[in-house]
**Q** 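Following this message is one structure expressed as C-alpha cells.
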Amino acid sequence: MKLFKKTLTLTALALAVPMAAQAYETSANVTLATDYKFRGISQNDTGPALQGGFDLAFDNGLYLGTWASTVNFELAGNADPEMELDYYGGYSGNLTEEISYDVGVIYYDYPGSSPTNFSSGAYNKDRDLDYVEIYGSLGYKDFTLGYAYSDDYWQETGEFNYVYVDYSYSLPSGFSLDLHVGFNDFANASDDSSLSDSMEAFLGDGEDSYTDYSVTIGKSMFGLDFALSFVDTNIGSKECWGTDWCDSSAIFSVSKSM
C-alpha cells in the first residue's frame with residue numbers, strides 16, 4: 001500500500017509536467033523553528049526543527065514542489081523516522097480580481113520509517129506513517145477557506161477531513177498578523193468496537209475530532225522573515241497519547257527565501 005500510494009502520487013505529478021508552459025520560476029526556502037507543529041500537534045517532540053523546500057511554478061498556474069522537516073515521534077527500534085518529506089503539485093489562479101483558488105495533491109513521506117517494530121505504548125503497531133491528501137482552497141481578499149481529505153490518514157487511521165479558515169492582515173511598520181482555525185474530523189473513534197485490524201483511531205480516549213488554532217505575528221527585515229506564533233488545540237493529554245505535543249505553545253521561527 002505504501003509503495004502504491006507513493007507511485008500513484010509521483011506519477012500524477014510527473015504527468016502534469018509536459019502540460020506546463022515553457023516559462024517558469026523557481027524558489028526555495030529554509031527555516032529554523034523552535035518546534036514543528038502540524039495542525040496543532042508537535043511533530044518534533046516539542047524540540048527545534050530544521051525545514052526547507054523547493055518550488056517550481058509555471059506561468060499557466062501549474063506548480064510542483066517538495067518540502068522537508070526534521071521530526072521526532074519517539075518511536076522505538078529501527079522504525080523511528082527522523083524526517084518528513086512532502087511531494088506536492090497543483091494548480092492555482094484567479095476567478096476574479098478578488099477571488100483566487102488552489103487545488104492539488106500532496107504525499108507525506110517519512111523516509112526510514114517502517115510499518116513494523118513500533119513501540120506498543122502511545123502508538124499502534126504495524127502501521128504505515130505515509131499518506132496522501134487532496135486539497136483545495138478559495139481566497140477572498142484577506143480570507144482563505146480551505147479543505148483537505150485523506151482516505152487513509154497517518155498510521156492507517158482511516159478517512160480524514162480537514163476544514164480551515166485563515167485571515168491575514170497587514171499591520172503598521174511592516175508587521176503582519178495571521179489568524180488560523182482548523183477543524184480535524186476522523187472517521188474512526190477509538191471506542192468504536194466495530195473497528196477492524198486495518199482501522200485504528202487517530203486520537204485516544206474515544207475522540208474522533210479536534211480543533212486547532214494559531215495567531216502569528218510576522219516581520220521581514222535584514223533579508224529574513226521572522227515569525228512568532230501562539231498555537232493551541234482543544235485536545236487533552238489523554239487524547240494526545242499522554243504527551244504535551246498538543247498543549248498551547250509559542251513558536252519562534254526565522255526563514256530565508258531564495
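Positions are given from 1, in the same order as the sequence printed here.
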**Q** Rounded to the nearest 0.5 Å, how far does CG of Leu177 lie from CZ of Phe175?
**A**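 These two atoms lie 12.0 Å from each other.
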
**Q** Can you name the closest pair of heavy atoms from Asp102 and Ser92 and give their distance?
**A**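 The answer is OD1-CB, 3.9 Å.
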
**Q** Looking only at atom types and distance, does a side-chain atom of Thr70 sit under 3.5 Å from a main-chain N or O of Leu50, one as donor and one as acceptor?
**A** yes

**Q** Has the side chain of Asp130 got a donor or acceptor atom that lies under 3.5 Å from a matching backbone atom of Tyr110?
**A** yes

**Q** Between the side chains of Tyr36 and Asn72, does any donor sit under 3.5 Å from an acceptor?
**A** no

**Q** Can you name the nearest heavy-atom pair linking Met258 to Val30, along with the distance?
**A**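 Answer, listing the atom of Met258 first, then Val30: CE-CG1, 4.1 Å.
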
**Q** Nearest 0.5 Å, please: how far is OH in Tyr107 from CG in Asp109?
**A**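 Result: 4.5 Å between the selected atoms.
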
**Q** Do any N or O atoms from the side chain of Gln43 and from the backbone of Ile41 form a donor-acceptor pair under 3.5 angstrom?
**A** yes

**Q** Sort out for me which residue in Ser255, Ser257, Ser253 forms a side chain to side chain donor-acceptor pair (under 3.5 Å) with Thr31.
**A** Ser255

**Q** Do any N or O atoms from the side chain of Asp152 and from the backbone of Gly158 form a donor-acceptor pair under 3.5 angstrom?
**A**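 Answer holds: yes.
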
**Q** Which value, rounded to the nearest 0.5 Å, describes the distance between Thr26 atom OG1 and Asp55 atom CG?
**A** 9.5 Å

**Q** Does Tyr91 use its side chain to pair, donor to acceptor, with the backbone of Asn60 at less than 3.5 Å?
**A**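 It does hold such a pair.
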
**Q** Considering residues at least two apart in sequence or located in another chain, which fulfil the ring pair (Phe, Tyr, Trp, His ring centres under 6.0 Å) criterion with Tyr108?
**A**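 Listed in chain order: Phe38, Tyr131.
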
**Q** Examine the side chains of Asp212 and Tyr164 and answer whether a donor and an acceptor come within less than 3.5 Å of each other.
**A** no

**Q** Are His180 and Thr216 close enough, and set up right, to give a side chain to side chain contact (heavy atoms under 4.5 Å, CB included), and what steps lead you there?
**A** CA-CA 9 Å; His180 165 87; Thr216 301; over 6 Å; no

**Q** Can Asp35 and Ser42 be counted as having a side-chain donor-acceptor contact under 3.5 angstrom?
**A**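 Yes, a side-chain donor-acceptor pair sits under 3.5 Å.
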
**Q** For Thr233 and Trp245: C-alpha separation, side-chain torsions, deciding distance, then whether side chain to side chain contact (heavy atoms under 4.5 Å, CB included) applies.
**A** CA-CA 10 Å; Thr233 72; Trp245 299 351; over 6 Å; no

**Q** Rounded to the nearest 0.5 Å, how far does CG of Leu62 lie from OH of Tyr24?
**A**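 So the OH of Tyr24 and the CG of Leu62 are separated by 13.5 Å.
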
**Q** Starting from the C-alpha separation in whole Å, work towards a yes-or-no answer on ring pair (Phe, Tyr, Trp, His ring centres under 6.0 Å) for Phe202 and Phe160.
**A** CA-CA 10 Å; Phe202 180 80; Phe160 168 74; 7.5 Å; no

**Q** With side chain to side chain contact (heavy atoms under 4.5 Å, CB included) as the test, would you mind laying out the steps for Leu85 and Thr66 before giving the verdict?
**A** CA-CA 7 Å; Leu85 183 58; Thr66 183; 3.6 Å; yes

**Q** Looking only at heavy atoms, what is the nearest atom pair of Asp247 and Asp232, with distance?
**A**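 Distance-wise, the nearest heavy atoms are C-OD1, 3.9 Å.
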
**Q** OG of Ser69 to CG of Asn44: how many Å apart, nearest 0.5 Å?
**A**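 Spacing of OG (Ser69) from CG (Asn44) equals 6.0 Å.
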
**Q** According to side chain to side chain donor-acceptor pair (under 3.5 Å), does anything in residues 137-148 pair up with another residue at least two apart or in another chain? List the pairs.
**A** Tyr147-Asn161

**Q** Are Trp67 and Ile251 co-members of a hydrophobic cluster defined by side-chain heavy atoms under 4.5 Å apart?
**A**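 Ile251 and Trp67: separate clusters.
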
**Q** Among all residues two or more places apart in sequence or in another chain, which pass the ring pair (Phe, Tyr, Trp, His ring centres under 6.0 Å) test with Tyr135?
**A**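 For Tyr135, no residue satisfies ring pair (Phe, Tyr, Trp, His ring centres under 6.0 Å) once neighbours in sequence are set aside.
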
**Q** Using only heavy-atom distances, determine whether the side chains of Glu133 and Tyr162 contain a donor-acceptor pair under 3.5 Å.
**A** no

**Q** Is the backbone N or O of Gly93 less than 3.5 Å from a side-chain atom of Ser100, with the two atoms forming a donor-acceptor pair by type?
**A** no

**Q** I want to check something: taking the side chain as every heavy atom from C-beta on, are Ser249 and Lys37 in contact at a cut-off of under 4.5 Å?
**A** yes

